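Structure, as structure tokens:
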Number of protein chains: 2
Amino acid sequence: MEKTTAAASSPQVLRRANARRVLEYAWRTGPFTASEAMDASGLTRSTVIGVCDDLVQQGWLDELGDARAAGAAGAYTKGRPARRYALRARAAVVVAVDAGAERITATVADLRGHVLGSASVEIPVKSPHRVERRADAEARRRLARSTVRDALAACDGGGAPVLAMTVGVPAPVDADGGSPADDWFWALMNPGYAELLADEAGIVTIENDANLVAIAERRSPLGSGRTVDSYVAMLAGEGLGSGLMIDRRLVRGRRGAAGEMRFLDHVEGVGSADGFALLARQWAVDAMREGLPSGSPLDQLDPRTLGEADVARAAAAGDPVAGGIIDRLAERLARICLVLGDLLDVDRVIVAGATVASLPAVIDRAAAILDASDDPTAPDLVASALGRDAVTVGAIEHALDLVRDRALDLVPAARDVA
Amino acid sequence: MEKTTAAASSPQVLRRANARRVLEYAWRTGPFTASEAMDASGLTRSTVIGVCDDLVQQGWLDELGDARAAGAAGAYTKGRPARRYALRARAAVVVAVDAGAERITATVADLRGHVLGSASVEIPVKSPHRVERRADAEARRRLARSTVRDALAACDGGGAPVLAMTVGVPAPVDADGGSPADDWFWALMNPGYAELLADEAGIVTIENDANLVAIAERRSPLGSGRTVDSYVAMLAGEGLGSGLMIDRRLVRGRRGAAGEMRFLDHVEGVGSADGFALLARQWAVDAMREGLPSGSPLDQLDPRTLGEADVARAAAAGDPVAGGIIDRLAERLARICLVLGDLLDVDRVIVAGATVASLPAVIDRAAAILDASDDPTAPDLVASALGRDAVTVGAIEHALDLVRDRALDLVPAARDVA
DNA sequence: AAAATAAATCTACACCCTAAATATACTCCG
DNA sequence: CGGAGTATATTTAGGGTGTAGATTTATTTT
């Protein structure tokens with residue numbers, strides 16, 4: 001029996017640990033000199049330079065010949081010009097896939113998270129307001145794969161390897177990338193992407209879409225001075241899902257179903273996990289059936305094509321029925337926030353998804369309710385600034401986290417050696 | 001300006017890391033030989049022996065002269081007898097304090113968690129069923145400190161230093177060991193223990209009692225073969241509190257208030273965070289006021305001194321009113337479990353506290369309801385086997401975790417050197 | 001052209017780990 | 001009682017990695 005792995009603690013682990021630290025520093029700053037890396041890492045110049053040489057060799061860093069030409073902020077004029085290094089952002093790429101119910105988007109980004117290209121397809125649907133008749137699992141698989149390949153073809157990767165891919169799906173995802181098979185919707189939303197896409201990138205992970213939004217919001221600007229380590233990212237549209245970021249850590253649970261909102265069935269004044277868009281339409285149609293007061297703007301609309309934005313517009317125009325719907329939705333949202341704030345002790349609930357654009361008044365009003373609340377655990381409520389890209393931004397971030405985490409085990413583009 | 005700390009990555013970090021690994025191994029096994037440590041750590045014999053010598057020198061390990069005499073399970077007869085080492089359990093002690101509403105218990109344990117001694121005091125109360133008239137904060141502080149000192153005096157520590165102390169309190173605890181000042185009960189339950197006890201041990205931490213139960217249950221026997229990484233420890237008595245262990249990690253939240261149960265105010269069919277003991281008494285008194293069917297065992301009791309165990313006994317004796325109360329409590333518990341299972345995706349809810357002993361039928365019946373539920377996220381429900389010591393066991397474990405984590409930075413008893 | 005400055009390079013030197021050879025302490029068996 | 005056998009301990013050599021400090025190099029300033 002031969003020794004397969006090197007002993008766990010050979011001296012190289014030190015070199016490795018130092019390389020890791022320097023690379024992490026490179027990742028969070030722009031071009032840097034050895035002296036700066038020394039300050040950041042606490043290492044000696046010899047060590048830093050040795051490590052940087054290694055990293056350049058491996059392709060993670062570029063050496064930027066001239067020190068003074070690039071002239072950073074600090075007036076740097078005296079002495080021997082320093083060698084400068086920078087993360088080689090194009091050493092590799094990652095792919096983010098937002099595989100939503102209605103469309104699949106694939107985005108390619110470099111190591112700094114800059115988008116290099118993307119591709120997108122609508123999922124063919126029969127009825128616009130129903131999710132039930134979506135394309136089947138096999139069609140989704142085909143579309144997902146082709147969209148990923150289109151996105152890669154659409155950008156000039158310069159032959160950079162695809163080190164990681166993260167796929168966001170509207171379903172709980174367990175540690176193996178699978179979703180519960182006992183739910184047809186979840187099974188359809190995640191039709192075995194992990195296996196399907198395994199060969200498309202070095203590391204392939206599937207992740208719940210709301211969890212990715214939570215990751216995306218990790219870097220969002222902080223309201224006041226204090227840091228926000230605990231928050232809930234709520235993805236609200238036709239349905240409700242949430243990602244729980246607590247103590248700077250994503251809470252997943254056994255099957256990855258933490259943050260699922262079905263528990264709202266048991267919450268007074270809520271009663272279901274339906275999303276605000278769905279309810280706005282439904283309640284509007286209900287009101288139309290029961291008869292509207294004359295002159296209501298809602299009366300102009302066709303119940304079959306009515307959208308949630310129509311309700312928002314009617315409310316803004318002063319329609320009392322639409323206004324009542326907005327109020328009810330706001331109270332609903334506020335109550336959900338109270339429950340989450342209480343059980344999880346989060347500072348903030350961040351709403352993303354279609355609701356942000358189509359029903360902003362609901363968020364504003366719910367935030368006002370929470371501000372007025374005497375409950376000391378009431379969290380702040382804010383709308384995400386990331387728009388439709390929230391899932392994609394989170395997926396890029398997550399894929400990059402994976403790459404950063406294992407960078408030294410992965411081989412980026414082999415450097416052209418003279 | 002002189003250099004105060006050694007550079008972050010001096011060669012010694014390797015030695016340190018290896019020492020850490022060997023010490024961790026020593027902690028989770030009994031006496032061991034160098035060869036066993038080599039297998040466990042992947043290190044060379046020279047390294048292991050070198051590290052063990054260091055650890056013996058520092059007082060963390062004892063060298064157990066004879067290898068064969070102790071004769072472990074494996075028939076070990078051939079070859080040169082191996083040197084044996086073992087964790088020196090008496091090198092230091094930790095103190096666990098269960099500072100509950102009604103009594104304060106301090107327990108001293110060695111590095112293996114074996115109890116060496118303890119002390120306990122009842123908190124003077126005026127009315128047995130009310131928490132409001134407890135001794136004030138200053139009295140609690142005095143009692144806590146004297147109980148800790150009594151416990152230390154009660155055991156023969158052999159001069160071992162007190163490396164860590166964990167205090168469990170029925171209140172949320174933030175990272176600094178403080179509890180929300182805006183709640184009189186919480187402020188009373190944690191009247192500045194962190195500062196008060198700071199000098200009694202090397203590391204002093206305050207922790208929520210339910211969180212400590214969650215830690216205590218980390219090692220509890222697993223129901224089936226699968227591992228349970230996500231569960232809720234519910235401390236149920238007069239009130240309800242819970243510790244959230246999700247993905248093998250305690251979820252605390254910003255102020256340490258994650259797991260607080262006030263959100264139950266918003267849950268249908270629950271409506272408050274009152275504990276089962278409190279409700280059992282209250283509902284029984286209500287029923288007595290409304291008039292009981294003749295011959296009910298409940299009728300024998302004085303409403304002013306009635307205890308929850310009386311209700312349990314009456315129900316066991318077939319009293320329909322008491323049985324109804326047990327059923328209502330079971331439904332309540334089951335519903336709480338469903339909500340927790342759904343939002344947090346936990347495998348299991350473990351009930352500890354007075355309810356386990358006094359109202360076992362509630363837990364059994366709720367477990368049956370959950371088993372019969374068609375909700376796939378319904379968690380298992382079990383009663384804790386730790387009894388009244390759950391908080392203490394968790395506090396010992398937590399204190400030991402802290403010691404294990406920083407062992408090499410701490411100095412245990414200086415070894416007697418010849 | 002010389003001084004000043006900052007960075008790179010070079011030269012010890014210490015430490016820690018591995019690997020391999022050698023020594024030791026047993027048991028077993030003839 | 002004295003080898004053979006076996007498992008462990010100790011010693012020695014060698015390589016890699018780090019720090020520390022002196023020296024060299026590249027550049028600006030005077």
Side-chain angles (χ1 to χ4, degrees), chain A residues 2-22 31-56 63-72 74-85 408, chain B residues 2-22 31-56 63-72 74-85 408:
Chain A
E2 59 181 338
K3 297 208 174 182
T4 51
T5 45
S9 260
S10 62
Q12 286 98 297
V13 301
L14 248 192
R15 188 46 164 254
R16 244 182 120 68
N18 288 335
R20 203 187 153 90
R21 269 156 62 177
V22 170
F32 63 96
T33 66
S35 300
E36 286 160 3
M38 287 163 62
D39 290 346
S41 65
L43 299 168
T44 317
R45 166 164 269 112
S46 341
T47 308
V48 166
I49 289 180
V51 164
C52 285
D53 284 351
D54 288 356
L55 290 172
V56 167
E63 184 165 351
L64 276 49
D66 197 81
R68 218 153 314 217
Y76 171 61
T77 49
K78 300 179 194 167
R80 177 173 176 167
R83 285 160 74 171
R84 276 158 69 92
Y85 303 89
L408 297 179
Chain B
E2 59 182 335
K3 298 207 172 181
T4 51
T5 46
S9 259
S10 62
Q12 286 99 298
V13 298
L14 247 192
R15 185 45 161 248
R16 244 182 118 70
N18 288 335
R20 202 187 154 92
R21 269 157 61 179
V22 171
F32 63 97
T33 66
S35 300
E36 287 161 2
M38 287 164 62
D39 290 347
S41 65
L43 299 168
T44 315
R45 166 163 269 113
S46 340
T47 308
V48 167
I49 289 181
V51 163
C52 286
D53 284 350
D54 288 356
L55 291 172
V56 168
E63 184 164 352
L64 275 49
D66 196 81
R68 219 153 312 216
Y76 169 61
T77 50
K78 300 178 193 169
R80 176 173 178 170
R83 285 161 74 172
R84 278 158 67 91
Y85 303 89
L408 298 179

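Here is the naming used below: chain letters follow the sequence lines, and residue numbers restart at 1 for every chain. All values derive from a computational prediction rather than experimental measurement.
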- Message: Just the rounded figure in Å: distance from C1' of D:dT8 to CZ of B:F32.
- Response: 15 Å

- Item | Test: B:E63 and B:R84 ion pair at under 4.0 Å | no

- Message: One thing to verify: whether A:R16 and A:D54 come together as a salt bridge, which I'm taking to mean a side-chain N less than 4.0 angstrom from a carboxylate O.
- Response: no

- Query: Should B:F32 and B:V48 be marked as a side chain to side chain contact (heavy atoms under 4.5 Å, CB included) after you check the CA-CA gap, both sets of side-chain angles, and the distance that decides it?
  - Reply: CA-CA 12 Å; B:F32 63 97; B:V48 167; 5.7 Å; no

- For atom CG of B:L43 and atom C1' of C:dT18, their distance in whole Å: 11 Å

- Message: With a 4.5 Å cut-off on side-chain heavy atoms, are B:R83 and B:T33 touching?
- Response: no

- Can you tell me if the side-chain N/O atoms of A:R15 get under 4.0 Å from OP1 or OP2 in D:dG18? yes

- Atom CZ of A:R84 and atom C1' of C:dA8: how far apart are they, to the nearest Å? 17 Å

- Distance, rounded to the nearest Å, where B:R80 contributes CZ and D:dT8 contributes C1': 6 Å

- Closer than 4.0 Å, any side-chain N/O of B:T47 to the OP1 or OP2 of C:dT18? yes

- Task: Kindly say if B:R45 contacts the phosphate of D:dA9, meaning a side-chain N or O under 4.0 Å from OP1 or OP2.
- Result: yes

- Task: Would you indicate which nucleotide in D:dT19, C:dA20, D:dG16 comes nearest to any side-chain atom of A:Q12?
- Result: D:dG16

- Message: On the nucleotide D:dT8, are OP1 or OP2 found under 4.0 Å from the side-chain N or O atoms that B:S35 carries?
- Response: yes

- Message: If only side-chain N and O atoms count, and only distance matters, is there a donor-acceptor pair under 3.5 Å linking A:R45 with A:S35?
- Response: yes

- Item | Phosphate OP1/OP2 of D:dG18: any A:N18 side-chain N/O under 4.0 Å | yes

- Message: Is A:R83 close enough to C:dT9 that one of its side-chain N or O atoms is under 4.0 Å from OP1 or OP2 there?
- Response: yes

- Query: What's the CG-P distance between B:L14 and D:dG15, to the nearest Å?
  - Reply: 18 Å

- Message: Tell me the interatomic distance from B:E63, atom CD, to D:dA9, atom C1', rounded to whole angstroms.
- Response: 11 Å

- Query: Atom CD1 of A:I49 and atom C1' of C:dC10: how far apart are they, to the nearest Å?
  - Reply: 12 Å

- Query: Once you round it to whole Å, what is the distance between C1' of C:dC17 and CZ of A:R16?
  - Reply: 17 Å

